[in-house]
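Below, chain A is the first sequence line, B the second, and so on; all start at residue 1.
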Number of protein chains: 2
Amino acid sequence: MRYHRVPDETIKRLPIYLRRVIHLSEMGVKCVSSTELAIFLGISPWQIRKDLSYFGGFGTRGVGYNVENLVSRIREILKLNVTRKAALVGVGNLGSAILSYPGFNRYWLEIAAAFDIDKGKVGKKLNGLVVEDVAYLRTLKDRQINLGIIAVPGEAVQEVANNLVEAGIKAILNFAPRYIEVPKRVKVITIDIALYLARLPYYVPSKWMGKTY
Amino acid sequence: MRYHRVPDETIKRLPIYLRRVIHLSEMGVKCVSSTELAIFLGISPWQIRKDLSYFGGFGTRGVGYNVENLVSRIREILKLNVTRKAALVGVGNLGSAILSYPGFNRYWLEIAAAFDIDKGKVGKKLNGLVVEDVAYLRTLKDRQINLGIIAVPGEAVQEVANNLVEAGIKAILNFAPRYIEVPKRVKVITIDIALYLARLPYYVPSKWMGKTY
DNA sequence: TGGTGTGAACGGCTTCACAGCT
DNA sequence: AGCTGTGAAGCCGTTCACACCA
């Protein structure tokens, strides 16, 4: 295919494909077609083929995609070909849940440090990690950790983000309900869980949701 | 404005606007312009005006938007004009964190029931809610709860989703890393946290992320 | 025949420019 | 003058149809 800018929407779907092909690989499946993937992912086969074709076709016509090959190609594209380290800031309820979430290492991601401002939490061991004082965020620079996860209350977010950027973090996953300002070179993805839940009622036909509930 | 289908992207942004205007309202601000909103939300002023105009202009030319008015209009549009009840299934690490998340009632959302399959958890009180056995999901039908939140391991998701639909739930927020199949009338939003984190390295220029890290 | 790869058509969302109020 | 409201233009992403290859 001739030169094409890769749509960001495509990048959002790649991890979904990766999730599935890793699973297929673990099940010992050797080959998969775009249609088979489509059924399990709720995405159209055309979309899947188009997405993959942006990076140079790596399927076999008349056959499908080699599962192992897909895993390694998508890993490469997403720069997950080596384990990436992330620092978590804020080990409250949500932070702790993230820390104990078992799904990250499947994607070659590792939460390699955890920080909190609460002296009562600092020093405690959580999921094999000793919680550090936020004052030591700057040490991240020398620890080859360049992803940040923010799970602190809204008021503190911007300051934490500033400190993370200062500490050389290159991309941030923000769970606090605030837009944060960072230099353009730093990527931020914000997940405000309440915002997703708040969107649900919109999709429910009103006849199922009388005003008097 | 003449008839226009409202883009789903607009619906995704409305809760973001709501978050901000609620905050402004609490601070006692009476009036806000699209440009002021834009600065705090990282969204262009044109976009904000266009989004709001889909529902009939409710700003004042030359002045801006009345904050209280914006709050109630967006509430109405999102069908949050009365408190909506949600049932949580799965009170593991993530489920518990969601349960204790203080941000929902700001959007007139209430987690009104919690379920788990683990008999060890059933009966325990968490955040003022007694955890119920998943066997009793069907009782939701009579309890005017029509939103569902799934926070169970991947293998169990589809079954839980089936039971929720059976129990009359109309929309689902799914935290498990699986696509789930439901009748078309039921809306599902899936948040796979690991997928967001897995996307971050892509945006980091490779020179900052040597292969040998 | 069966499934991928891809230009082209299509549709939807964003950006723009400016008309319209206050 | 200032800020909203909105048709129109432009851009981006999805869908389609079919060429291509095993």
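Candidate nucleotides C/dT14, C/dG5, D/dC16 were compared by shortest atom distance to the side chain of A/S53, and C/dG5 ranks first. Distances from the side chain of A/T60 to the nucleotides C/dT6, D/dA22, D/dT4 place D/dA22 closest. Nearest to the side-chain atoms of A/W46 among the listed nucleotides D/dT14, D/dT4, D/dC16 stands D/dC16. Across D/dA22, C/dG5, C/dT14, the shortest atom-to-atom separation from the side chain of A/Y65 is found for C/dG5. Considering only side-chain atoms of A/S44, the nucleotide from D/dT15, D/dA22, C/dA17 that sits closest is D/dT15. For A/K50, the side-chain atoms get nearest to D/dT14 when compared with the rest of D/dT14, C/dT4, D/dT4. Nearest to the side-chain atoms of A/R5 among the listed nucleotides C/dT14, D/dG5, D/dG13 stands D/dG13.
The two residues B/L80 and A/P201 have their closest heavy-atom pair at CD2-CG, 3.8 Å. Taking both residues in full, the closest heavy atoms of A/L99 and A/V91 are given as CD2-CG1, 4.2 Å, listed atom of the first, atom of the second, then distance.
With a 4.5 Å cut-off on side-chain heavy atoms, B/F40 and B/L24 do not count as touching.
When the C1' atom of D/dT4 is taken as reference, atom CD of B/Q47 falls 15 Å away, rounded to whole Å. Following rounding to the nearest Å, B/R73 (CZ) and D/dT4 (C1') show an atom-to-atom distance of 15 Å. Between the CZ atom of B/R49 and the P atom of C/dT15 there is a distance of 12 Å, rounded to whole Å.
Under the 3.5 Å distance criterion, with hydrogens and angles disregarded, a donor-acceptor pair is assigned to the side chains of B/N162 and B/Q158.
Here side-chain hydrogen bond (donor to acceptor under 3.5 Å, both in side chains) pairs that include residues 97-110 of chain B, with residues two or more places apart or in two chains, are A/N93-B/S100, B/E26-B/R106.
Side chain of B/K170 to main chain of A/V204: no donor-acceptor pair is present (N/O by atom type, distance under 3.5 Å, no hydrogens or angles).
Near DNA chain C, defined here as any heavy-atom distance below 4.0 Å, there are no residues from residues 7-15 of chain A.
Judged by atom type and distance alone, A/R61 does not reach the base of C/dG3 through any side-chain donor-acceptor pair under 3.5 Å.
Heavy-atom nearest nucleotides on DNA chain D were determined for A/V6 and for A/V63, and the one closer to the 5' end corresponds to A/V6.
Each of B/R13, B/K12, B/R73 was checked for a salt bridge (charged side-chain N to carboxylate O under 4.0 Å, His left out) with B/D51, and the lone residue meeting it is B/R13.
Across all strands, B/S34 comes closer than 4.0 Å only to sugar-phosphate atoms, never to a base (heavy-atom distances).
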